[in-house]
2 protein chains.
Amino acid sequence: MNTNDAVPALAAIAQEHRLAIYRLLVQAGPEGMAAGAIADALGLPPSSLSFHLAHLNRAGMIAQRRESRSLIYTADFERMNALVGFLTDKCCGGQPCGPLAQPASPPAKRA
Amino acid sequence: MNTNDAVPALAAIAQEHRLAIYRLLVQAGPEGMAAGAIADALGLPPSSLSFHLAHLNRAGMIAQRRESRSLIYTADFERMNALVGFLTDKCCGGQPCGPLAQPASPPAKRA
DNA sequence: TTGATATTTCCAGTATTATCGAATCATTGA
DNA sequence: TCAATGATTCGATAATACTGGAAATATCAA
């Protein structure tokens, strides 16, 4: 993760509807949700939803797979971990400092 | 932390220059940096820097204090922790799942 | 006071982003 | 093949954000 990746990733979730979409997908877990189900949950018109899903996808925050007629979206958890790691990189000059010590660095082993 | 706080917080760091400023301040630690030092480090014209600092400050990502003629800026570490916690809230429906288990939740005790 | 330093505010121009209806594309079942 | 379903793309409009020079504000030292 570097600045060129992080800025689009952050911009992707720095918007009311997209943040709602992303959090919904985080909560949905690896199974994900169909676009229609997201639209129902959030009350967004299809073209707006599609715009935001494409934005999140382009930024690598979510993934897409087709299941029959539906497109299923899932949150990319590793990307979020990488993003958090980047944001807190070299905290306090790398010295043991407290504020953000070991922020989300342990890269999440699957249970 | 809720959506109304998180969107401005994310938008604040979702911009090339502001992300650079923020990361610089994270690395600077609690001592922070004067506006002028930030400008020197990043090569930004003063009015632009001020614009971005105000943006970050309004969003609560950084704090400001005066020291003689200089305004010193510091990263707000707790805010970042709260933000990360919000983003990964109820991951996978709250079940033990792996992907983002205990992301940055331990709220960082000072060393 | 006066002058120098540090930083912000104002402003105008430019560029980017969000919205959503209508049209289109993809997949499936009959 | 046709109609129905699920979702995306297109296009026009409105709103918001970024940039940087010039002027204003705050602080300090002589």
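All values below come from the heavy atoms of this structure, side chains included, with hydrogens, waters and symmetry mates left out. Letters A, B, ... mirror the listed sequences (proteins, then strands); counts begin at 1.
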A.B. asks: Using every non-hydrogen atom in the two residues, find where B/Ala12 and B/Met61 come nearest and quote the distance to one decimal.
C.D. replies: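 Of all heavy-atom pairs spanning B/Ala12 and B/Met61, the closest is CB-CG, 4.1 Å.
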
A.B. asks: Tell me: CG of B/Leu56 to C1' of D/dC18, nearest whole Å?
C.D. replies: 14 Å

A.B. asks: At under 4.0 Å between heavy atoms, which parts of nucleotides 8-13 of chain D does protein reach? Answer with one letter per nucleotide, 5' to 3': B base, S sugar-phosphate only, - none.
C.D. replies: BB----

A.B. asks: Mark yes when over 12 heavy atoms from residues, nucleotides or ligands other than A/Gln64 sit less than 6.0 Å from its CD; otherwise mark no.
C.D. replies: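 Yes.
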
A.B. asks: Answer yes or no: is there a donor N or O on one side and an acceptor on the other, between the side chain of A/Thr88 and the main chain of A/Val84, under 3.5 Å?
C.D. replies: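 Checked: pair present.
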
A.B. asks: Okay, side chain of B/Arg18, backbone of B/Ala20: is any donor-acceptor separation there less than 3.5 Å?
C.D. replies: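 The answer is no, because no donor-acceptor pair under 3.5 Å joins these two groups.
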
A.B. asks: Can you check the A/Ile62 CD1 to D/dA7 C1' distance for me, whole Å?
C.D. replies: 13 Å

A.B. asks: Look at all strands and tell whether A/Ala34 reaches a base, only sugar-phosphate, or nothing, counting heavy atoms closer than 4.0 Å.
C.D. replies: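 If one applies the 4.0 Å heavy-atom cut-off, A/Ala34 turns out to touch the sugar-phosphate alone, with no base involved.
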
A.B. asks: Indicate the atoms forming the closest heavy-atom contact of B/Val7 with A/Ala14, along with that distance.
C.D. replies: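 Closest approach of B/Val7 to A/Ala14: CG1-O, 3.9 Å.
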
A.B. asks: Apply side-chain contact (heavy atoms from CB on, under 4.5 Å) to A/Ile21 and A/Leu53, showing your working.
C.D. replies: CA-CA 8 Å; A/Ile21 293 167; A/Leu53 286 171; 3.8 Å; yes

A.B. asks: Where do B/Gly32 and B/Thr74 come nearest, in terms of heavy atoms and distance?
C.D. replies: CA-CG2, 3.4 Å

A.B. asks: Please give, in whole Å, the distance from D/dA7 P to A/Leu44 CG?
C.D. replies: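 Nearest whole value for this atom pair: 13 Å.
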
A.B. asks: Starting at CZ of B/Arg58 and ending at C1' of D/dC18, how long is that distance when rounded to a whole Å?
C.D. replies: 13 Å

A.B. asks: Looking at A/Arg23 and B/Phe86, would you say the former's side chain and the latter's main chain have a donor-acceptor pair under 3.5 Å?
C.D. replies: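 It does hold such a pair.
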
A.B. asks: Might you point out which heavy atoms bring A/Tyr73 and A/Leu25 nearest each other, and give the distance in Å?
C.D. replies: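 A/Tyr73 and A/Leu25 have their closest heavy atoms at O-CD2, 3.3 Å.
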
A.B. asks: Quickly work out the B/Arg18 CZ to D/dC18 C1' distance and round it to whole Å.
C.D. replies: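 It is 9 Å, rounded to the nearest whole Å.
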
A.B. asks: Using a 4.0 Å heavy-atom cut-off, write out nucleotides 24-30 of chain D from 5' to 3' as B (base contacted by protein), S (sugar-phosphate only) or - (no contact).
C.D. replies: ---BBS-

A.B. asks: Just the rounded figure in Å: distance from C1' of D/dA15 to NE2 of A/His17.
C.D. replies: 13 Å

A.B. asks: Considering all heavy atoms of both residues, which atom of B/Met80 and which atom of B/Ile13 are nearest to each other, and what is their separation?
C.D. replies: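 Nearest pair, atom of B/Met80 first, then B/Ile13: CE-CD1, 4.2 Å.
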
A.B. asks: Looking only at heavy atoms, what is the nearest atom pair of A/Leu42 and A/His17, with distance?
C.D. replies: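 Where A/Leu42 meets A/His17 most closely, the heavy atoms are CD1-O, 4.4 Å.
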
A.B. asks: So where does chain B start and stop touching DNA chain C, 5' to 3', when the test is distance under 4.0 Å to a non-hydrogen atom?
C.D. replies: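 Range of nucleotides touched by chain B: C/dA4 to C/dT9.
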
